[in-house]
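See structure below.
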Amino acid sequence: MDLDAVPQEGNATLDGHSKLMYARDAQGRVVTTTSRGWEAEEIVTSHAVDVLVEQARVAKERVKAGLASPLEYWMYERRMDVALLSQTSGFWQWRVRRHLQPRHFAALSPAQLARYGEALGLPVSTLRELP
Amino acid sequence: MDFKHQQAAHCESGVISSLMRHHGAPMSESMALGLSSALSFAYLPFIKLSGLPLISYRMPPKAIIKGLLAPMAARFRFETFGSAEAGQRRLDALLADGKLVGLQTSVYWLPYFPPNMRFHFNAHNLLVYGKDGDDYLISDPVFEEPVRCPSGDLARARFAKGVLAPKGLMYYPQAIERKAVDAASVVKAIRKTVRTMLAPIPIVGVRGMRTLAARMQKLSPADPRSVGLHRPRGAHAGRNRHRRGGLPLHLRGLLAGGGAAARQAAAAADVGAAHRHRRRLARLRAEGARMVKGREAVDPVALAAKLREQAEQEESFFRDLKAAVA
């Protein structure tokens, strides 16, 4: 890529940071330059983020409707899924899935809640409620 | 510590080239990538990340660091820890000792990353060069300037769980006996890259690109797997490259620094062409991305044809290169 072809379209997901890129100068040497971002990259990154945000939004609705425990919302809000929350908290996946049900969530001991709080990086009081 | 931060395009190659430079062995990021033969292509449909097949443009994490040990006659110490406290104690001890330490971390828990870039990706490399109060002073190679990170957040990032869990991995050189890159190891590295790219395995190198093209061709535009909220494979090829820290081809940089034999090879194989080839791959990605957003009609067949054309060009390039370093 030539130096003047380096994308500078601005990528909102970079939050004002610049990326380093390699390009060719007029003499044909490879030099480094900074890029404000690239449209394609913004599309794919924001697409990935949108999916995660949507999951959290749906979970919030489910919690409000009494179909899920607040843990389900916080799991998605932290951009995790059952597999990752299981690995991080040390609970087996089938137990995590049970704890996503309001009935089983309500029966969690303070120690078990603390494990989820630790895994998600949240205080237990937050974990029990929706924001 | 007298340490000079330098921004790089990717984390692992950036960290290791900074470490080498700091210890008196001049090395560019391109050289680190080339010399470790870390450039590759792999389509691994049986490994799923967020439900999407893994497409990689480089060797697995740690390959760049380990690939440089032999050519630089270097010995590195790699340490992992059973607990976050032990990991932090050891890091503090090394910093107090004046050492520059490389760490493997999860991007999600690093507060200085833009929120939209914070995914649970566990193989991000960075350098720690000091501590100021509770803050670690960090040289993160993908940022323009050095950054700071509170100790609690760094501990979380180092001990995140999941795929490729870092387990607090830290590394630093014990000895780097060769301070300059010699031509023989450059030629050897090029041979290895050529071997990977032309490997007779259907999911690796040029053949991997063709397999991916065949799979892409089969997707119907209406198929939710081509475009949709959950399985956008057209753009996925692009996103993964970005998220997995994929790398453009810097063979030219490698060759320019690599002595007479390598320069000869460069002249023979028009290494500049390689750059153009990889740029075409980037354009392909851009088209896929625009299709996902509905800005253009989704056409997996056209994308597959472009990918095949790309495979064709890369094959002829690597065949020429093979002849040049034979």
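To find a chain, count down the sequence lines: A is the first, B the second, and so on, and within it residues start at 1. This is a predicted model, so every value here is computed, not measured.
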Completion exercise
Closest non-hydrogen atoms of B:Gln7 and A:Leu20, given as atom of the first, atom of the second and distance, are O-CD2, 3.3 Å
Problem - Portion of A:Ala119 that has a non-hydrogen atom of chain B nearer than 4.5 angstrom - result: backbone
Completion exercise
When the 4.5 angstrom heavy-atom criterion is applied to A:Ser86 and chain B, the contacting part is neither
Problem - Side chain / backbone / both / neither for A:Thr32 at chain B, heavy atoms under 4.5 Å - result: neither
Handout entry: Worked verdict on B:His10 versus A:Lys19 for side-chain contact (heavy atoms from CB on, under 4.5 Å)
Key = CA-CA 9 Å; B:His10 302 281; A:Lys19 293 176 55 149; over 6 Å; no
Practice task
Considering non-hydrogen atoms only, spot the tightest contact between A:Glu77 and B:Tyr108 and give its length.
Solution key: O-OH, 4.0 Å
Problem - Shortest non-hydrogen separation from B:Asn116 to A:Val49 and the atoms involved - result: O-CG2, 3.4 Å
Fill in the blank from the handout: Greatest number of non-hydrogen atom pairs under 4.5 angstrom with chain A, of B:Gly162, B:Pro115, B:Gly14, falls to B:Gly162
Problem - chain A contact via B:Phe143 - which portion, at a heavy-atom distance below 4.5 Å - result: side chain
Exercise for the section: Not counting sequence neighbours, which residues clear side-chain contact (heavy atoms from CB on, under 4.5 Å) with B:Pro26? List them please. Expected result: none
Fill in the blank from the handout: The interface call for B:Pro141 against chain A, heavy-atom contacts under 4.5 Å, is neither
Handout entry: Side chain B:Glu144, main chain A:Ser18, donor-acceptor under 3.5 Å
Key = yes
Problem - Under 4.5 Å from any heavy atom of chain A - which part of B:Phe159 - result: neither
Practice task
Look at atom CZ of B:Arg21 and say whether more than 12 heavy atoms of other residues, nucleotides or ligands are closer to it than 6.0 Å.
Solution key: yes
Handout entry: A:Leu84 CG to B:Asn122 CG distance, which is reported to the nearest 0.5 Å
Key = 7.5 Å
Handout entry: Partner set under side-chain contact (heavy atoms from CB on, under 4.5 Å) for A:Pro102, not counting sequence neighbours
Key = none
Completion exercise
Bottom line for A:Leu85: the part with an atom under 4.5 Å from chain B's heavy atoms is neither
Exercise for the section: Mark yes or no for whether B:His120, through its side chain, and A:Arg78, through its backbone, hold a donor-acceptor pair below 3.5 Å. Expected result: yes
Exercise for the section: Quick one: closest heavy-atom pair of A:Leu52 and B:Phe119, and the distance? Expected result: CD1-CE2, 3.7 Å
